[in-house]
Amino acid sequence: MSITLDHQPGAAPERRRDRTHWLYIAVIVAVLAGIAVGLLAPEVGKSVGVLGTMFVSLIKMMIAPVIFCTIVLGIGSVRKAATVGKVGGLAFVYFLVMSTFALAIGLVVGNLIHPGSGMHLSESAAGKGAELAEKAHEAGGLMDFVQGIIPDTLFSSLTAGSVLQALFVALLVGFALQAMGSAGEPILRGVEHVQKLVFKVLIMILWLAPIGAFGAIANVVGQTGWTAVTQLLTLMLGFYITCVLFVFGVLGVLLRFVAGVSIFKLVRYLAREYLLIFSTSSSESALPRLIAKMEHLGVDRSTVGVVVPTGYSFNLDGTAIYLTMASLFIADALGAPMSVGQQIGLLVFMIVASKGAAGVTGAGLATLAGGLQAHRPDLLDGVGLIVGIDRFMSEARAVTNFSGNAVATLLVGSWTKTVDRAKVDSVLRGEDPFDELTMVDDHPSAAEPARV
């Protein structure tokens with residue numbers, strides 16, 4: 001791709017260099033160093049785990065302002081409110097169907113490989129499940145979950161750390177600006193400038209990724225070692241293979257059939273985000289970058305602003321697969337396998353339980369404990385066996401959840417005709433690279449209303 005330089009007399013040409021590839025090389029080195037420290041000096045590895053926690057906290061700090069700016073700009077610049085409603089409705093139905101499908105796949109694979117057969121849980125596992133179940137139920141029931149979407153104040157939605165609260169308030173502000181018409185354009189331009197500031201701060205934080213990755217990996221290896229991982233290798237491999245087949249098989253076929261896009265090209269386009277997720281075990285760490293990259297890919301800002309944040313709370317494909325596979329594993333390990341009827345009941349229950357997973361600290365593990373307590377209380381103590389390798393499995397969960405949301409954005413964009421197919425092809429061919437230096441496309445102002 002050629003770079004156009006402004007050759008003015010007496011002015012030296014400026015070339016913006018993308019040095020972010022050094023960042024991701026540093027992340028890989030940090031991961032390898034973390035593994036070495038965790039194996040050679042486990043206590044040191046455990047002590048530096050706080051570095052990973054602090055890095056993920058810094059990323060989470062930026063999620064609410066990123067979501068707010070993206071949705072307000074997306075909705076506020078669209079004159080037809082029905083367009084946003086259609087996008088949201090299609091996205092919700094798709095998320096429900098795909099989550100159910102993912103849960104069913106987990107049940108099928110779990111019945112095929114029977115990873116927990118012949119195992120005996122140690123007494124140390126007892127009590128851990130009850131602790132996690134209590135944490136899961138702190139989130140309350142369905143009505144408590146819905147009530148939690150409404151923030152205490154308009155501005156507390158940006159500070160409470162709740163994705164759904166930020167989404168709710170951003171929708172209200174976006175529709176209000178939409179109703180204001182031309183009078184709201186100055187506000188939209190102001191939000192656009194705030195968005196650029198937010199992305200600049202985010203880029204500064206991302207340069208700390210190697211430190212966070214080192215701490216997270218060193219801590220997990222220091223706590224479990226390779227022996228604990230080996231004991232549950234069948235479950236881990238089965239889960240990883242299932243996630244790969246789901247992404248490249250199920251999602252790949254859907255993406256090719258509906259949007260005409262190759263899943264392999266999309267994965268390559270999002271390669272840096274996958275590395276970031278894998279090193280932090282958190283798909284939230286890549287949420288702001290996914291929003292920016294899907295907009296750059298050619299999906300309309302209003303579609304990205306609705307689908308991506310909603311998908312992070314309701315479209316948890318990897319978590320769904322994990323919930324059913326882990327439940328069957330625990331049942332087999334305790335010598336109390338589930339009947340077909342019990343498995344169907346578990347499937348129905350987890351369809352609801354998985355929707356609240358994003359709102360619970362330690363989402364996958366805590367939701368698993370809460371689900372077993374409600375559906376099969378006799379299996380609750382078995383959750384302790386999963387604790388040792390949950391972090392390793394959370395990486396696959398996070399990557400699968402992320403992939404599902406990226407694919408969902410393109411699918412919903414195709415169904416609602418809010419995606420620029422020519423731009424998609426150009427970006428995926430590498431002809432229009434993503435600007436790693438700003439993460440914001442400096443095209444005509446997003447505050448300009450769409451003409452309809």
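Numbering of residues begins at 1 and proceeds along the displayed sequence.
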ask   = In chain order, what residues pass the side-chain hydrogen bond (donor to acceptor under 3.5 Å, both in side chains) check against Thr303, with sequence neighbours excluded?
value = Thr418
Give, for atom [atom1] of [X] and atom [atom2] of [Y], the distance between the pair rounded to the nearest 0.5 Å.
X: Leu197; Y: Cys69; atom1: CG; atom2: SG; result: 9.0 Å
X: Ile321; Y: Phe246; atom1: CD1; atom2: CZ; result: 5.5 Å
X: Met180; Y: Glu185; atom1: CE; atom2: CD; result: 10.5 Å
X: Ile205; Y: Lys200; atom1: CD1; atom2: NZ; result: 12.5 Å
X: Asp317; Y: Phe101; atom1: CG; atom2: CZ; result: 10.5 Å
X: Gln195; Y: Arg301; atom1: CD; atom2: CZ; result: 5.0 Å

Nearest atoms (heavy-atom pairs only) where [X] meets [Y]:
X: Ala259; Y: Leu410; value: CB-O, 4.4 Å
X: Phe95; Y: Ala408; value: CE2-CB, 3.6 Å
X: Arg397; Y: Thr319; value: CD-CA, 3.8 Å
X: Val173; Y: Phe68; value: CG2-CE1, 4.0 Å
X: Thr324; Y: Leu107; value: OG1-N, 3.6 Å
X: Ala30; Y: Pro210; value: CB-O, 3.1 Å

For residues [X] and [Y], determine if any side-chain heavy atom of one lies less than 4.5 Å from a side-chain heavy atom of the other.
X: Met98; Y: Leu251; answer: yes
X: Leu276; Y: Arg272; answer: no
X: Val87; Y: Val307; answer: yes
X: Val427; Y: Phe434; answer: no
X: Leu266; Y: Leu297; answer: yes

Measure from the side-chain N and O atoms of [X] to the backbone N and O of [Y], and report whether any donor-acceptor pair falls under 3.5 Å.
X: Lys293; Y: Leu270; answer: no
X: Ser426; Y: Lys423; answer: no
X: Asn401; Y: Gly318; answer: yes

ask   = Excluding sequence neighbours, so at least two apart, what forms side-chain contact (heavy atoms from CB on, under 4.5 Å) with Phe264?
value = Phe248, Ser262
inquiry  = Is it the case that the side chains of Ser403 and Tyr274 hold a donor-acceptor pair, with the cut-off being a distance below 3.5 Å and no angle test?
reply    = yes
